[in-house]
There are 4 protein chains.
Amino acid sequence: MSRKPNSEQRRAQIVQALMDTMAEHGYEKATILLIARRAQLTPGLLHYHFHSKAEILLALVQALAGAARQRYLALAHKATNADERLAAYVEARLGLGEGADAGAVAAWVVIGAEAVRQSEVRAAYQHAVDTEMALLRELLSASLAAQRKSTANVEALAAALLALMEGTFQLASAAPDSMPVGYAAPLAMQLVRRFIDAEPPTGC
Amino acid sequence: MSRKPNSEQRRAQIVQALMDTMAEHGYEKATILLIARRAQLTPGLLHYHFHSKAEILLALVQALAGAARQRYLALAHKATNADERLAAYVEARLGLGEGADAGAVAAWVVIGAEAVRQSEVRAAYQHAVDTEMALLRELLSASLAAQRKSTANVEALAAALLALMEGTFQLASAAPDSMPVGYAAPLAMQLVRRFIDAEPPTGC
Amino acid sequence: MSRKPNSEQRRAQIVQALMDTMAEHGYEKATILLIARRAQLTPGLLHYHFHSKAEILLALVQALAGAARQRYLALAHKATNADERLAAYVEARLGLGEGADAGAVAAWVVIGAEAVRQSEVRAAYQHAVDTEMALLRELLSASLAAQRKSTANVEALAAALLALMEGTFQLASAAPDSMPVGYAAPLAMQLVRRFIDAEPPTGC
Amino acid sequence: MSRKPNSEQRRAQIVQALMDTMAEHGYEKATILLIARRAQLTPGLLHYHFHSKAEILLALVQALAGAARQRYLALAHKATNADERLAAYVEARLGLGEGADAGAVAAWVVIGAEAVRQSEVRAAYQHAVDTEMALLRELLSASLAAQRKSTANVEALAAALLALMEGTFQLASAAPDSMPVGYAAPLAMQLVRRFIDAEPPTGC
DNA sequence: AATGAATGAGCATTCATTCAT
DNA sequence: AATGAATGAATGCTCATTCAT
């Protein structure tokens, strides 16, 4: 067999280097030179594997979204009911266990701000949000249904839970010292459970 | 004789122009030239009134934090009990009524990302967060106390509510089409109220 | 009598402020704003009293040259012969006594460098040099004549002595720690006296 | 494959261009654009090879000091005794022969003025001065010893000779028309020789 | 695939000078 | 005389991108 080109490995290496550099310097100040150094590559090589810096960023958005999905799937594996699956999801996003990555979180916050101004990043970010929203709707609907509660508010509840997660990332990245430690996952679950408990039953 | 100083007016004008420009282009791409044009001033004049671009940004952080405080005070004026004050706070931050400003929200999101990398911005951002946390602790403690509930979780609850707000800003700015309209304020209040209702009473 | 306009005083104040600022920051970095602050005046006022920054510099050259002349005249007053007059001159230029001014010396060094590139400064500098050379020729000729020595080399000797002084200013300003203290005036006199002593008598 | 580095050549080219430009315009007015044009390079490339303009200046200080050392070594090669070595030194610094470079001299004068205000330049300038002083002390001590003269005044004599040289550069650059031609080297040697001749013998 | 020099547009900032008051 | 805001050209420096090797 012929020797495999190492492009895929190189691309992953570059994407990872962008993530690390962005977490530290933001997107604009994450220069091609800094990224290349972090990846232990030369500047020219980055443009051999990616057409532009923006393209690396888009690849990073995909990579982070994919990693988040994998983290949920790994935890959801052991879940046996709707509530456990929801808890697995929240743990996957907000938990401090294995897979928690301050760099990835900071990079995601920076991506969120870039989405405000770059339409292509916004599109990718929105796609990730839509995917999350769909998953959340499904998980919350299942939890509501399991308790025979109305699903009328599921959309808003999903949005609030997603906002809670995004805000947690923001605060963890920009004001870590002002926040209590490890509060996010357990409190998010409590908020949702108590909300669901207080929802009116189906058909009312 | 001498001309009368107009610095304060000019500074406010420039800060506003930075906010508008940042909401559209982000911080790095909000160039001095763009800001000056938006403020209908010449580039040199911006550096006459501010030492550096970073200084304008810090002034903007103060301005936004101050405006948020004013908005709360205006609404809290009519509140007669703890729950109404809390509702006034949530409405001031997340409501769609008068004072809601998509530009200010987008600028705040961009500031949050800049706080990840610029230590001076981070300090100012953290100060704003600390102030919010203190206010939230006070409001939530009062609501809990009014219902004779334990205040053991007030810190975490405050953090969660603040995260919910920051995340709402983020999603409203970067993925507005993926989010339901007007969900944030009412749902945030419901989440908090139901959480408080389900809290154990004092002394348990 | 009508109140005297304070222009002359203001001009002197500004020239002095330029000298101080130049000694610290060089000519280019001695901005109008810095000079104005040092003189406790406002920037606009500097251009009321001088047409341009270059004009202040020219006034400073005159002022420094004039001050040097005064210092010599004050010391020469007591001299009773050619050698004492020469010693008075050397002391006036290189001595550490009253009137020695590190700021003035540093400013003169900076002026010397500006003379390399600005033709108007060069003209003023050259005029000062020519005046010095004339005085030196006179003093040295008198000393040589007093000892009945040939004055064939007086031009070159004057040039060398002037160079020694200018170089002393340079080294005192830019490498003070590398130079012995107080060496300049006595050694300069010794060099000149021994040179003259070894000169052939007139008519040879 | 990879291109071969040409940085050393480019750096030398840039340093030379700074020297030429500085000799004509001074340091501040020797803009990156002017230097680049003189070197027939693009402005961006200067910052690829040097971190900053100040760094080019430091490289120039080293280059000029090195060239001066080489010029002395080349001439000292033929010297057979202390006096000839001293004469070789003076000729190397002040002589009009091969290697005399009005541009380098003017650049050195400008550097001397920059040393007044830029601490890094001052450090480099002082180092060059210290090296010169050490060499001068050695040369003068040898000459004094060869004539069995006291070396008590060698430090001050070295300082005076160095000052004479620096001042000669200054006057040659800023007031060439006011100075006699070719006076410097022969007169400097005469001054030193007559001084030494008149020194008291060792042990007195 | 890989290197690193080269380009050139763009940026924040500085500053002498002007001018309305 | 005096003020201080305003101007606009100039400058050092950055950086994504290109390209010869």
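In what follows, every heavy atom counts, from backbone to side chain, and hydrogens, waters and symmetry copies are set aside. By convention in this document, chain letters (A, B, ...) are assigned in the order of the sequence lines, proteins followed by strands, and residues within each chain are numbered from 1.
- Summarising the geometry, the separation between CG on A:L46 and P on F:dC19 is reported as 18 Å, rounded to the nearest angstrom.
- Judged purely by atom type and a 3.5 angstrom limit, A:Q118 has no side-chain atom pairing as donor or acceptor with the backbone of A:E114.
- Here the P atom of nucleotide E:dC15 and the NE2 atom of C:H25 are 10 Å apart, to the nearest Å.
- Between A:M22 and A:L57 there is a side-chain heavy-atom pair separated by less than 4.5 Å.
- For the pair A:Q170/B:Y125, a side-chain contact is recorded, criterion being any heavy-atom separation below 4.5 Å from C-beta on.
- Counting heavy atoms from C-beta outward, D:H49 and D:L41 have side chains that stay 4.5 Å or more apart.
- Partner of A:L46 under the side chain to side chain contact (heavy atoms under 4.5 Å, CB included) criterion, out of A:L33, A:L18, A:I32: A:I32 alone.
- Here E:dA2 presents its C1' atom at 16 Å from CZ of A:F50, a figure rounded to the nearest Å.
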- So what is the 5' to 3' dot-bracket string for DNA chain F, if pairs are Watson-Crick or G-U wobble with both distances under 3.5 Å, crossing pairs use [ ] and | means the partner sits on another strand? .||||||||||||||||||||
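- A:R37 places its CZ atom 15 Å from the C1' atom of F:dA16, with the value rounded to the nearest Å.
- For the pair C:Q40 CD and F:dA1 P, the computed distance is 19 Å after rounding to whole Å.
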- Message: Output one letter per nucleotide in nucleotides 8-14 of chain E: B when a protein non-hydrogen atom lies under 4.0 Å from the base, S when only the sugar-phosphate is that close, - when neither is.
- Response: B--SSBB
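- A donor-acceptor pair is defined here as one N or O able to donate and one able to accept, closer than 3.5 Å; no such pair exists between the side chain of D:E55 and the backbone of D:F50.
- Separating the NE2 atom of D:H49 from the P atom of F:dT14 is a distance of 15 Å, rounded to the nearest angstrom.
- Heavy atoms from other residues, nucleotides or ligands lying under 6.0 Å from NE2 of A:H127 number 12 at most.
- Going from the P atom of F:dT21 to that of E:dA1 covers 23 Å, rounded to whole Å.
- At whole-Å resolution of the value, CG in C:L41 and P in E:dT17 are 17 Å apart.
- Side-chain contact check for B:W108 versus B:V105: every heavy-atom pair is 4.5 Å or farther apart.
- Separating the CZ atom of B:R11 from the P atom of F:dA5 is a distance of 11 Å, rounded to the nearest angstrom.
- Shown here are the salt bridge (charged side-chain N to carboxylate O under 4.0 Å, His left out) partners of A:E28, two or more places apart in sequence or in another chain: A:R117.
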